Amino acid sequence: MTDIGQIDDTDIDLAIDEGEAGERRATELASRLRMVAAEDPDLAQDLVEELIVALDRAMGGTIRQHLDGPALGVADRVLRAPEQGR
């Protein structure tokens, strides 16, 4: 008998549809941001702010319409600030 090692759900990526594939990518991004935040909270905050700016640009300035609560507050703060080196 051959031992092929442990297999977990991250080894097999069989998305049922594009929505599920997008959700998996978003979950992976959130996981990576949490790892960065554990090591360097300031860097993680900078990455989140840059992501908000990029998403807002890609969505034609409508990112706020898709956020609520604390996320909306962060977006309002980041998008109101003058762009410095972005």
Side-chain angles (χ1 to χ4, degrees):
M1 186 167 144
T2 304
D3 182 12
I4 60 172
Q6 293 289 82
I7 297 177
D8 63 27
D9 65 348
T10 60
D11 294 325
I12 302 171
D13 191 12
L14 299 173
I16 294 173
D17 59 23
E18 280 300 311
E20 183 178 321
E23 186 174 322
R24 286 182 184 204
R25 287 189 299 267
T27 300
E28 176 63 22
L29 175 60
S31 176
R32 290 179 186 206
L33 279 171
R34 279 192 286 282
M35 289 186 324
V36 170
E39 294 292 321
D40 189 343
D42 292 334
L43 175 59
Q45 185 63 44
D46 290 345
L47 290 172
V48 168
E49 290 174 4
E50 289 177 22
L51 179 59
I52 289 170
V53 170
L55 286 171
D56 190 58
R57 189 176 303 128
M59 297 173 74
T62 64
I63 190 71
R64 290 179 182 97
Q65 296 172 11
H66 302 278
L67 302 174
D68 59 9
L72 180 58
V74 172
D76 283 341
R77 179 181 54 78
V78 170
L79 296 172
R80 254 193 318 243
E83 293 196 36
Q84 299 172 1
R86 291 184 201 251

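The model shown is predicted, which means the values in this text are computed figures rather than measured ones.
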### Task
Side-chain contact test, heavy atoms from C-beta onward, threshold under 4.5 Å: evaluate it for V36 versus R32 and give yes or no.
no

### Task
With sequence neighbours left out, write down each residue that passes side chain to side chain contact (heavy atoms under 4.5 Å, CB included) with T62, or none if nothing qualifies.
M59, Q65, H66

### Task
Name all residues meeting the side chain to side chain contact (heavy atoms under 4.5 Å, CB included) criterion together with L67; count only those two or more places apart in sequence or in a different chain, and write none if there are none.
I63, A71, L72, A75

### Side-chain (S31) to main-chain (T27) donor-acceptor, under 3.5 angstrom
no

### Nearest-0.5 Å distance that lies between atom CG in L33 and atom CD in Q45
10.0 Å

### Query
At what distance, to the nearest 0.5 angstrom, does CG of L55 lie from CD1 of I52?
8.0 Å

### Message
Taking salt bridge (Lys or Arg N to Asp or Glu O under 4.0 Å) as the cut-off, I'd like each qualifying pair that reaches into residues 69-78, sequence neighbours left out, listed once.
### Response
E49-R77, R64-D76

### Task
Would you kindly confirm whether M35 and L29 end up in one hydrophobic cluster when ILVMFWY residues are joined by side chain heavy atoms under 4.5 Å apart?
no

### Task
Using the rule that two of Ile, Leu, Val, Met, Phe, Trp, Tyr join whenever any of their side-chain heavy atoms come within less than 4.5 Å, decide whether L51 and L47 are in one cluster.
yes

### Query
Is R24 salt-bridged to E28, cutoff N-O under 4.0 Å?
no

